[in-house]
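Presented below is the structure to which this report refers.
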Amino acid sequence: MPHALKDVLVVALEQAVAAPIATSRLADAGARVIKLERPEGDFARGYDDYALGQSSYFVWMNRGKESCRVDLNKAEDRALVEAMIAKADIFIQNLAPGATDRLGLGSKDLRNRFPRLIVCDVSGYAPGTANYFRKAYDLLIQAEVGLAYITGTDLSGPSRVGISICDITTGQAAYGAILEALIRRDRTGEGSHLQVSLFDTIADYMNVPYLTRRYGGKEPSRLGLAHPSIAPYGSFRLKDGAILIAVQSEREWQILCRDVLHDPALAADDRFESNVKRVRNRAAVDACIQMILATKTAEVVTRELTDAKIAFGMVSTMNDLLQHESAAVLPVETANGTVEVLAPPVIIDGKRPTLGHVPTLGQHDEALRREFAPAPAPAP
């Protein structure tokens, strides 16, 4: 499969999750990604040791990259990085706000010197906002933006989404913005300065609860495994597990009552005759459904839902995901052996991408220092 970003050079002064997610996607698409690491390495290398003794975060996010250690307090290493950037198409960084300016690698200066360069700065909060210089990590942003407040149940209180959702979505947003900038450069010959923040990214995703509160005057509730605007749409206990059922129309509600719950009278109940009423009477409708489903097995209920063309999903553990018939995995080579990761979601012309090797710390130091050795200063 031809690589869309073949011959695109990316220099990444990155750490942790958000920027590495963006550059891993660029690497998957064929870009050459040089990952600049502090001498002790990206601290994500030490998050855990679950992937054959290596960090699960690092293995997932850093496949297909070259690792080069640099100490940007040293003039010779700053010169090396500048030599790389001079040949790069894209420079992405997620150091603390202001750090690259102090190092002489600020976006404004780089864009002036290299007009075709695409510079992407990833931060916790957007430039120009009161919180721009605050430290910001995924869980902090989940709390600050209100995501934690609408996640969980009334019993649990505000809860963390189970993955680093702010970091991951910000990396995806940066990836999309970079691709747009590449298209724009092809048309205009000009690079771009992109600024992406964790807060802005997840705040954009919060628009439905935000609009609910701002214009509907209603503070969204924590509903656990239930949908705030649709009923029935939630989790129900079976004799041998739990299942999540989603009804999207009045026609489907009628079919669910008739063909799965085997209680057509339920559909005629005045309390449940429309989605608005069912949401208002969620506890009652869920209780009626639960009483019926508690007597059935997953095998029976999934067969009936499938025949009725009602959407459902089992409430799975990670062990269930390991064995899921729809889970596609791809091999990633690491220093400690082959790790299988869940595949990226896009299939191109019927094929999934080939994923590159995960670099050891400083694996490409020598080769990259030779390749990008700054030209010696002219003799006086």
Side-chain angles (χ1 to χ4, degrees), residues 4-5 7-36 42 61-62 64-65 72 81-82 84-129 131-138 141 145 164-205 207 346:
L5 300 185
D7 299 325
V8 170
L9 175 60
V10 181
V11 176
L13 187 56
E14 61 180 20
Q15 57 194 356
V17 179
I21 283 286
T23 55
S24 75
R25 299 308 190 222
L26 294 168
D28 288 349
R32 181 187 183 190
V33 178
I34 298 174
K35 181 181 181 72
L36 302 175
D42 181 343
M61 297 181 297
N62 291 283
K65 302 179 186 178
L72 293 176
V81 172
E82 290 190 11
M84 292 177 176
I85 293 172
K87 296 182 179 180
D89 298 282
I90 299 157
F91 175 61
I92 181 169
Q93 66 86 23
N94 67 335
L95 301 189
T100 51
D101 290 308
R102 292 190 294 273
L103 293 166
L105 299 171
S107 302
K108 184 177 180 180
D109 179 58
L110 291 178
R111 286 284 296 113
N112 286 335
R113 293 165 57 194
F114 309 113
R116 287 180 55 81
L117 182 67
I118 295 165
V119 180
C120 182
D121 297 326
V122 179
S123 58
Y125 297 88
T129 63
N131 296 310
Y132 176 57
F133 288 99
R134 278 175 57 182
K135 283 189 174 180
Y137 304 122
D138 182 272
I141 297 295
V145 81
S164 299
I165 190 68
C166 300
D167 282 327
I168 294 166
T169 54
T170 301
Q172 290 288 123
Y175 173 56
I178 288 167
L179 295 182
E180 288 182 16
L182 284 169
I183 294 170
R184 187 162 52 245
R185 190 183 69 172
D186 281 348
R187 293 175 176 171
T188 67
E190 288 292 315
S192 302
H193 178 204
L194 311 174
Q195 296 168 297
V196 187
S197 72
L198 276 68
F199 187 91
D200 281 1
T201 299
I202 210 68
D204 177 33
Y205 286 30
N207 260 302
V346 179

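Just the heavy atoms: all of them, side chains too, but no hydrogens, waters or symmetry mates, feed the values below.
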By side-chain hydrogen bond (donor to acceptor under 3.5 Å, both in side chains) - contacts of [X] (at least two apart):
| X | answer |
| --- | --- |
| Asn94 | none |
| Asp42 | Lys35 |
| Asn131 | Arg134 |
| Arg116 | none |

Using side-chain heavy atoms (C-beta onward) and a distance below 4.5 Å, is [X] in contact with [Y]?
| X | Y | result |
| --- | --- | --- |
| Thr23 | Met61 | no |
| Leu13 | Leu72 | yes |
| Leu105 | Val81 | yes |

To the nearest 0.5 Å, how far apart are [atom1] in [X] and [atom2] in [Y]?
| X | Y | atom1 | atom2 | result |
| --- | --- | --- | --- | --- |
| Phe91 | Ser107 | CZ | OG | 7.5 Å |
| Leu9 | Leu26 | CG | CG | 11.0 Å |
| Ile34 | Ile90 | CD1 | CD1 | 12.0 Å |
| Leu194 | Ile118 | CG | CD1 | 7.0 Å |

For [X], which residues count as a salt bridge (Lys or Arg N to Asp or Glu O under 4.0 Å) partner, sequence neighbours excluded?
| X | result |
| --- | --- |
| Arg185 | Asp89 |
| Asp109 | Arg113 |
| Asp200 | none |

Looking at [X] and [Y], what are the two nearest heavy atoms and their distance?
| X | Y | result |
| --- | --- | --- |
| Lys65 | Asn62 | NZ-OD1, 3.0 Å |
| Thr170 | Ser197 | OG1-O, 3.8 Å |
| Ala88 | Leu117 | O-CD1, 3.6 Å |
| Thr169 | Tyr205 | CG2-CE2, 3.6 Å |
| Cys166 | Ile141 | SG-CG2, 3.8 Å |
| Asp138 | Ile165 | OD2-N, 3.2 Å |

Please list every donor-acceptor pair under 3.5 Å in which a side-chain atom of residues 174-183 meets a protein atom from a residue at least two apart or in another chain.
none

Margin query: For Phe114, give me all partners under ring pair (Phe, Tyr, Trp, His ring centres under 6.0 Å), at least two apart in sequence or on another chain.
Written below: none
Check: Who pairs with Asn207 by side chain to side chain contact (heavy atoms under 4.5 Å, CB included), at least two apart in sequence or on another chain?
Finding: Asp204, Tyr210, Leu211
Check: With sequence neighbours excluded, what pairs up with Tyr132 under the side chain to side chain contact (heavy atoms under 4.5 Å, CB included) test?
Finding: Pro97, Ser123, Pro127, Thr129
Next item on the list: Would you check if the side chain of Arg25 reaches a backbone N or O of Gln172 as a donor-acceptor pair within less than 3.5 Å?
Entry: no
Item checked: Worked check of side chain to side chain contact (heavy atoms under 4.5 Å, CB included) between Gln15 and Leu95 -> CA-CA 8 Å; Gln15 57 194 356; Leu95 301 189; 4.0 Å; yes
Checklist line | Qualifying ring-ring contact (aromatic ring centres under 6.0 Å, His included) pairs with a residue from residues 181-202, counting only residues at least two apart or across chains | finding: Tyr125-Phe199
